[in-house]
Number of protein chains: 2
Amino acid sequence: MNQPCHQHAIPRRLVQQPLSELTDRLRARSRKVTGQREAILDVLRRHANPLTNREIHAALRGSGCDLATIYRTMHTLLGMGVVRRCDFGDGVARFELATGDAHHHHLVCRACGMVVEVDDCFPAALEEAIARRHGFVGIAHRLEFFGVCPRCQDPEPGPPKAP
Amino acid sequence: MNQPCHQHAIPRRLVQQPLSELTDRLRARSRKVTGQREAILDVLRRHANPLTNREIHAALRGSGCDLATIYRTMHTLLGMGVVRRCDFGDGVARFELATGDAHHHHLVCRACGMVVEVDDCFPAALEEAIARRHGFVGIAHRLEFFGVCPRCQDPEPGPPKAP
DNA sequence: GGGTTGCTTGCAAATCAATTGCAGTTGGGG
DNA sequence: CCCCAACTGCAATTGATTTGCAAGCAACCC
Ligand SMILES: [Mn+2]
Ligand SMILES: [Mn+2]
Ligand SMILES: [Zn+2]
Ligand SMILES: [Zn+2]
């Protein structure tokens, strides 16, 4: 898991959310729409994959926004449900715009770090059975898949790839 | 997630592994069986839940074993497949003895941190379908459940519980 | 049993992600 | 245009985990 994000491809599910819609959600809670926040939200909008705060900071190279501000902003957006945090087990938090209601999971390449969105989810019936069996309420889950992507499988030449 | 481990109950699935069997696996790889490693393995053997390095260190209060040594030992044991690491999303790694072949998952109480072992797993057929769909190989998953345990649900009196 | 050697350990310093105190800015409701 | 709570940059701090290094010790060989 090295190179952060290859595919600057067209964000599959996120591109639709207009920036104005996001900023409105800020105003609605008496949060201020600052240039930094707009810039951060815009970076998230144009990326398909979850980004680390450091990656967001790098993407904002020009508009010098402090790393601490990004950390604080992500915390705020997380609390508002605007972004979602995911954890790929490398000790660094990643964020992506929350897509309406439903959550989703990821398939991460162990070699190059490429991320694929996965819509399949843990069977709801089974999850409820587990909760009931142990008397838990308000149950939720955290699920990520790991493997080796097609490009990292065959050691043939081609575009530079991670070790 | 505050109080580390309530239930010092009988380790359900781990207690069977004799310490000698574990130390033998060390010798087999030209690793040395030191007093510290035996002590660490013994702590893991007698706990049913995943423990943080700090918790292991606390459990070893008497036999003063350095925290750095515990970190290094867990890294070694992880590489040997003797222990497994799990991540409850609070930025602290937890370890438990690996149980032979099959992995398992956990149900964690958001209030008190109590951990329940969960044997249900993500449907293998679906996982394979996901891997095939995206051309990934060597696929695996990381899955944990979160909720509120029975004791933390009703605000009635009784034994002290987390806020 | 004593000696050799490479794996280990304790201790302290270094990394790294993430958080926080503080003083100076600024968005935006009035 | 004014005012003030919400923000921000910057530097210091916290907490987990890692690492350099010299001393220690288990495993192995005579
Ligand atoms: Mn995603
Ligand atoms: Mn377990
Ligand atoms: Zn799901
Ligand atoms: Zn599983």
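In what follows, every chain begins at residue 1, and chains take the letters A, B, ... in the order their sequences are listed. No experiment lies behind these values; they were computed from the predicted model shown. All values below come from the heavy atoms of this structure, side chains included, with hydrogens, waters and symmetry mates left out.
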Exercise. Should B:Q36 be listed as having a side-chain N or O under 4.0 Å from OP1 or OP2 of D:dC25?
Worked result: no
Exercise. So, B:E117 versus B:H104: side-chain donor-acceptor pair below 3.5 Å or not?
Worked result: yes
Problem set entry | Protein-nucleotide distance (B:R37, atom CZ; D:dC25, atom P), rounded to Å | 15 Å
For this session: Could you state the atom-to-atom distance from CZ of B:R27 to P of C:dC7 in whole Å?
Result: 17 Å
Exercise. Is B:T34 near enough to C:dT9 that one of its side-chain N or O atoms lies under 4.0 angstrom from OP1 or OP2?
Worked result: yes
Seminar exercise, completed: Between A:R85 and A:A93, the two heavy atoms sitting closest are CD-CB, 3.6 Å
Seminar exercise, completed: To the nearest angstrom, the CG-C1' distance between A:D24 and C:dG27 comes to 15 Å
Determine all donor-acceptor pairs shorter than 3.5 Å in which one atom belongs to a side chain in residues 121-138 of chain A; sequence neighbours excluded.
{"unit_1": "A:E127", "atom_1": "OE2", "unit_2": "A:H141", "atom_2": "ND1", "d": "2.6"}
{"unit_1": "A:R133", "atom_1": "NH1", "unit_2": "B:D120", "atom_2": "OD2", "d": "2.8"}

For this session: Would you kindly give the CD-to-P distance between B:E38 and C:dT9, to the nearest whole Å?
Result: 12 Å
Exercise. Are the ring centres of A:F88 and A:H106 closer than 6.0 Å?
Worked result: yes
Problem set entry | Rounded distance (nearest 0.5 Å) linking atom CG of A:D87 with atom CZ of A:R94 | 8.5 Å
Seminar exercise, completed: Here the salt bridge (charged side-chain N to carboxylate O under 4.0 Å, His left out) pairs for residues 60-73 of chain B, sequence neighbours left out, are none
For this session: Quickly work out the A:M74 CE to C:dA17 P distance and round it to whole Å.
Result: 16 Å
For this session: Rounded to the nearest angstrom, tell me the gap between atom CD1 in A:I70 and atom C1' in D:dC7.
Result: 14 Å
Problem set entry | Reading 5' to 3' through nucleotides 14-24 of chain D, protein heavy-atom contacts under 4.0 Å coded B for base, S for sugar-phosphate only, - for none | --SBBBB----
Seminar exercise, completed: To the nearest angstrom, the CG-C1' distance between A:L26 and D:dC7 comes to 12 Å
For this session: In whole angstrom, give the distance that lies between atom CG of A:D66 and atom P of C:dG21.
Result: 16 Å
